[in-house]
Amino acid sequence: MDSSERSTIRSEQKSRKFLKSLIRKQPRDLLLVIGTGVSAAVAPGIPALCSWRSCIEAVIEAAEQLEVLHPGDVAEFRKKVIKDRDLLVVAHDLIRKMSPRTGDTKPNFFQDCLMEVFDNLEQHIQNPVVLQSILRLMERGTMVLTTNYDNLLEIFGQQQGKAMESLDLKDKDKVLQWARGHIKYGVLHIHGLYTDPCGMVLDPSGYKDVTQDPEVMEVLQNLYRTKSFLFLGCGETLRDQIFQALFLYTVKNKVDLEHYMLVLKENEDHFFKLQADMLLHGIKVVSYGNCFKQFPEYVQDLTGQICKQRSPGCLMLKLEITPYL
């Protein structure tokens with residue numbers, strides 16, 4: 001993006017109004033849900049980070065090059081990626097195809113393909129604006145979970161001297177600590193992480209120990225009831241079976257909640273229909289613009305507005321120490 005484009009986008013962002021109900025949230029009252037859009041903005045040089053479709057296509061390509069998938073299966077999966085609407089099902093089938101016939105997902109070739117796709121991630125960070133904004137919120141108590149396999153946020157955070165920690169749902173103790181706010185720079189990967197051969201899951205059945213554990217489920221669902229989730233770069237997250245199993249199926253009265261989702265407004269009719277539909281889930285849909293290039297700067301400006309808010313504790317302290325005139 002050249003300087004004139006950046007200047008134009010910045011002027012558009014400055015004139016944009018933010019929802020008061022969002023920017024008046026305290027950072028500790030927010031929980032960020034990070035999708036592929038964040039990774040795509042940060043490392044545009046890796047096509048696999050741009051969308052679920054691109055990720056699956058890259059994995060199929062890697063499987064073909066590594067010769068871990070029969071040529072007939074390669075051709076069949078490429079057709080599915082083009083035709084099938086539910087890409088999560090395609091990805092799940094792809095994992096199963098490269099796993100033992102026992103149905104056990106470990107060990108498997110899928111992880112080798114992801115490692116090939118995501119090799120040397122740190123060298124591909126081109127635009128860290130969104131990551132900087134996320135870290136700024138985390139410093140102030142915002143929690144983060146992601147549907148992504150990559151660990152771009154953790155890599156960047158470590159480069160900034162933060163004690164980043166990647167978590168997955170199979171470590172109950174860590175999940176409970178994270179959900180209770182005891183791991184400040186923890187990032188919960190609900191599908192697992194590409195560097196862990198045993199932690200990658202797309203099907204809720206892979207997390208039966210979690211979904212059937214009352215203590216874990218109560219703590220996680222309590223987050224959806226008490227925090228305001230802010231969806232960044234998320235397209236398919238609400239259709240994601242694991243996200244649904246963790247947060248949507250059993251949380252009642254969702255219409256009474258107040259969550260937020262930043263989206264690209266390409267088509268006005270589609271955008272306003274999405275707004276109306278998402279309100280039924282307690283989610284306010286907000287446009288960051290009609291061009292994906294506007295996304296990083298919008299997140300940066302939004303973060304700045306949120307971080308301007310003083311905590312109630314600070315205000316009370318100021319009132320207590322201010323002398324009467």
State whether [X] and [Y] are salt-bridged, where the test is any N-O pair (Lys NZ or Arg NE/NH1/NH2 against Asp/Glu carboxylate O) under 4.0 Å.
X	Y	answer
D269	K273	no
D213	K172	yes
R78	E57	no
E258	K25	yes
K162	E154	no

* Where do F229 and M261 land on the side-chain contact (heavy atoms from CB on, under 4.5 Å) test, with the steps shown first? -> CA-CA 8 Å; F229 280 41; M261 178 181 288; over 6 Å; no
[X] side chain vs [Y] backbone, donor-acceptor pair below 3.5 Å:
X	Y	answer
T36	L49	no
N148	D150	no
S54	C50	no
Q294	N290	yes
H281	L257	no

* Working for side-chain contact (heavy atoms from CB on, under 4.5 Å), residues I190 and F243 -> CA-CA 8 Å; I190 66 171; F243 187 86; 4.1 Å; yes
* To do: Run the ring-centre check on F18 versus Y298 and record whether the distance is less than 6.0 Å.
  =>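 When the ring centroids of F18 and Y298 are compared, they turn out to be within the sub-6.0 Å range.
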* Asked: Is the gap between the ring centers of F292 and F295 under 6.0 Å?
  ->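 Ring centroids of F292 and F295 are less than 6.0 Å from each other.
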* Asked: Checking K265 against F271: charged group under 6.0 Å from the ring centre and within 45 degrees of the axis?
  ->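 Yes, K265 sits over the ring of F271.
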* Verify side-chain contact (heavy atoms from CB on, under 4.5 Å) between T147 and I242, making sure each step is shown before the conclusion. => CA-CA 9 Å; T147 56; I242 292 176; over 6 Å; no
* To do: List the steps and the verdict of side-chain contact (heavy atoms from CB on, under 4.5 Å) for D93 and F77.
  => CA-CA 9 Å; D93 291 344; F77 274 109; 4.0 Å; yes
* Inspect the surroundings of NZ in K184 and state if more than 12 heavy atoms from other residues, nucleotides or ligands are less than 6.0 Å away. =>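 Atom NZ in K184 is crowded, with more than 12 foreign heavy atoms closer than 6.0 Å.
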* To do: Verify the distance criterion only: is there a donor paired with an acceptor across the side chains of T195 and Y149 at less than 3.5 Å?
  =>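 No, no side-chain donor-acceptor contact under 3.5 Å.
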* Taking all non-hydrogen atoms of both residues, which atom of T142 and which atom of P27 are closest, and how far apart? ->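 Minimum heavy-atom separation between T142 and P27: OG1-O, 2.6 Å.
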* Which atom of V38 lies closest to which atom of L131, heavy atoms considered ->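 V38 and L131 have their closest heavy atoms at CG1-CD2, 4.3 Å.
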* Asked: With hydrophobic residues grouped by side-chain heavy-atom distances under 4.5 Å, do V129 and L152 end up in a single group?
  ->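 In one cluster with V129: L152, no.
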